[in-house]
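Single-structure report; data block below.
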There are 2 protein chains.
Amino acid sequence: MATPDPARPGFALPLLLLAGFRTLIDDLHAELAREGHPELRPLHGFVLQAVGVDGTTATELGQRLGISKQAAGKTVDRLVAVGYLERVDDPTDARRRLVRVTARGADGLRRSAEIFDRLRAQWVDTLGPERVTAMEDDLGTMASANWFRLDVPGWFGG
Amino acid sequence: MATPDPARPGFALPLLLLAGFRTLIDDLHAELAREGHPELRPLHGFVLQAVGVDGTTATELGQRLGISKQAAGKTVDRLVAVGYLERVDDPTDARRRLVRVTARGADGLRRSAEIFDRLRAQWVDTLGPERVTAMEDDLGTMASANWFRLDVPGWFGG
DNA sequence: ACTATTTCGTCAACCACGTTGACTATCTTA
DNA sequence: TAAGATAGTCAACGTGGTTGACGAAATAGT
């Protein structure tokens, strides 16, 4: 695995994709920690993004992330505990508890986007703009069916 | 996120890499389940590969995977329970318990390699051989530092 | 208007995977 | 031979996931 067998080329591709993803995510969170967001974990960015500016409920968040409402609720609990999300009562429906991004959450989200832009720029510097856009196009072609499925830990156990 | 903001191009790249990885891993395990290995989870392939044909110990496995010896030991427990690994005493060192891939484990590993080859061939059919090798080359360039770090759940929590 | 159903959130129990700390047994070294 | 390093395990805990059950509140049907 470490040195892929040339007779077994297929094995390198998933490893390379994972390594590329990890590189970006690790760099993102190292920089986020430097910029005042050390508690932000890789999953949190996806969750904040899925909550969105309009807010949601735990049940709908679960649907967006492809996980159960209970799992979504627990994840919201953790984000609330570190100050990135807040829960407010829905005045029009006493069953619902609206989940909203706090100012701190919005700051983390904005910085994440900026850092990702800078990281992509590094890839462009190294590989050239054509190769990066080609990679994005090709991955989009191959992975379009999985675009929305973000139940990331789900495919690694559980 | 679902429709990446063109003004924030950086955000699409990690999502695409993740989606590509997931696509391959999901397809792999769907096919493995069809071929008689439904218990094999995404992590298991990495572990089997890291054990290798010569076997290892839990401690060394942990070092190879970038996780603690305790975590490696627990993962070995699970793989032993489903028949993919076995533990044998080391005749030269009573402290050590050699971890070896069983015949069933070797079968899963062999099938995984074959399936990955077929999946890569699908990518070649869709994208053309040049684009696939370009993607592999470029990812290898960008991600070379992370090649060995497979403590996958580690970057998602814990 | 009243019942029946659906929906939302939560609790509880459980599983997979990771962590650190402590401990025993064994091997190695001074 | 005593001292130190190493292998494996146990325990407690954290994160992230699952299913099942349940009460409270909204909605639908008669």
Side-chain angles (χ1 to χ4, degrees), chain A residues 22 25 29 38-48 50 55-82 84-100 149-158, chain B residues 22 25 29 38-48 50 55-82 84-100 149-158:
Chain A
R22 282 207 51 164
I25 295 294
H29 287 278
E39 305 106 323
L40 228 33
R41 305 216 124 275
L43 182 59
H44 297 165
F46 292 92
V47 175
L48 291 177
T56 356
T57 64
T59 296
E60 194 189 332
L61 180 62
Q63 288 167 347
R64 291 186 191 175
L65 295 174
I67 60 178
S68 67
K69 60 180 181 176
Q70 296 95 325
K74 282 198 279 187
T75 299
V76 170
D77 287 343
R78 290 173 203 124
L79 271 301
V80 168
V82 290
Y84 288 88
L85 291 177
E86 61 182 355
R87 281 194 235 250
V88 296
D89 289 332
D90 184 339
T92 74
D93 187 338
R95 294 170 305 175
R96 306 178 78 200
R97 306 215 59 202
L98 273 318
V99 176
R100 284 196 314 214
R149 299 196 50 210
L150 293 178
D151 51 328
V152 181
W155 38 265
F156 243 95
Chain B
R22 282 208 51 165
I25 295 294
H29 287 277
E39 306 106 324
L40 228 33
R41 304 218 125 274
L43 183 59
H44 297 166
F46 292 93
V47 176
L48 291 178
T56 354
T57 65
T59 295
E60 194 190 330
L61 180 62
Q63 288 166 348
R64 291 186 191 174
L65 296 175
I67 61 178
S68 66
K69 61 180 182 176
Q70 295 95 325
K74 282 198 279 189
T75 299
V76 170
D77 288 343
R78 290 173 205 122
L79 270 303
V80 168
V82 289
Y84 288 88
L85 290 178
E86 61 182 354
R87 279 194 236 249
V88 298
D89 290 331
D90 184 340
T92 75
D93 187 338
R95 293 172 306 178
R96 306 179 76 199
R97 306 214 60 201
L98 273 318
V99 176
R100 285 195 314 213
R149 299 196 50 212
L150 292 177
D151 51 328
V152 181
W155 39 265
F156 243 94

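Basis for what follows: all heavy atoms, side chains included, without hydrogens, waters or symmetry-related copies. From a predicted model like this one, the values you see are computed outputs, not experimental measurements.
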[X] [atom1] to [Y] [atom2] distance, which is reported to the nearest 0.5 Å:
| X | Y | atom1 | atom2 | answer |
| --- | --- | --- | --- | --- |
| A/H29 | A/H44 | NE2 | NE2 | 9.0 Å |
| A/L79 | A/R41 | CG | CZ | 11.5 Å |
| B/T75 | B/L48 | OG1 | CG | 11.0 Å |
| B/T56 | B/L85 | OG1 | CG | 8.5 Å |
| B/R97 | B/D89 | CZ | CG | 5.0 Å |

Quiz item: Under the 3.5 Å rule, do the base of C/dT19 and the side chain of B/K74 count as making a donor-acceptor pair?
Solution: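 Flag set: donor-acceptor pair detected.
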Exercise. Please check if the side chain of A/R64 supplies one atom and the backbone of A/A50 the other of a donor-acceptor pair under 3.5 Å.
Key: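 Answer holds: yes.
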Just the rounded figure in Å: distance from [atom2] of [N] to [atom1] of [X].
| X | N | atom1 | atom2 | result |
| --- | --- | --- | --- | --- |
| A/R97 | D/dG23 | CZ | P | 20 Å |
| A/D77 | D/dT15 | CG | C1' | 13 Å |
| B/D90 | D/dA7 | CG | C1' | 11 Å |
| A/F46 | D/dT15 | CZ | P | 19 Å |
| A/D89 | D/dA24 | CG | C1' | 13 Å |
| A/H29 | D/dT15 | NE2 | C1' | 15 Å |
| B/E60 | D/dA7 | CD | P | 9 Å |
| A/L61 | C/dT7 | CG | P | 18 Å |

Side-chain N,O ([X]) to OP1/OP2 ([N]) below 4.0 Å:
| X | N | result |
| --- | --- | --- |
| B/R41 | C/dA16 | no |
| A/T57 | C/dG9 | yes |
| B/R96 | D/dT9 | no |
| B/T75 | C/dA16 | no |

Exercise. Determine the minimum heavy-atom distance between A/L65 and A/F46, stating which atoms define it.
Key: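 It is CD2-O, 4.2 Å.
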Exercise. Taking all heavy atoms of B/A72 and all of B/A58, pick out the closest pair and write down the distance.
Key: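 Scanning both residues completely, I find the closest heavy atoms to be CB-O, 3.4 Å.
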Quiz item: Which is true for A/S68 with a 4.0 Å heavy-atom rule: it touches a base, it touches only sugar-phosphate, or it touches nothing?
Solution: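 Contact class for A/S68: base.
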Quiz item: Is B/A71 touching bases, backbone alone, or none of the nucleic acid, heavy atoms closer than 4.0 Å?
Solution: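 Here B/A71 touches the bases of the nucleic acid.
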Quiz item: In degrees, rounded to 10°, what is the bend between the two ends of the helix from C/dA1-D/dT30 to C/dA30-D/dT1, using five pairs at each?
Solution: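 Taking five pairs per end, the axes differ by 10°.
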Quiz item: What do the steps show when you test A/Q63 against A/T59 for side-chain contact (heavy atoms from CB on, under 4.5 Å), and what is the final call?
Solution: CA-CA 6 Å; A/Q63 288 167 347; A/T59 296; 4.3 Å; yes
Quiz item: Should we say atom CZ of A/R100 is surrounded by more than 12 heavy atoms from elsewhere, each under 6.0 Å from it?
Solution: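 It does not: A/R100 CZ has 12 such atoms or fewer within range.
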Quiz prompt | Of the listed nucleotides D/dG16, D/dG8, C/dC17, the one nearest the side chain of B/A58 | solution =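 Between D/dG16, D/dG8, C/dC17, the one nearest the side chain of B/A58 would be D/dG8.
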Practice problem: Could you check which of C/dC17, D/dG16, C/dG9 has an atom nearest any side-chain atom of A/L43? | Solution: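 Looking only at heavy atoms from C-beta outward on A/L43, the closest nucleotide is D/dG16.
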Quiz item: When you check every protein heavy atom under 4.0 Å of nucleotides 22-30 of chain C, what one-letter string (B, S, -) results, 5' to 3'?
Solution: ---BBS---
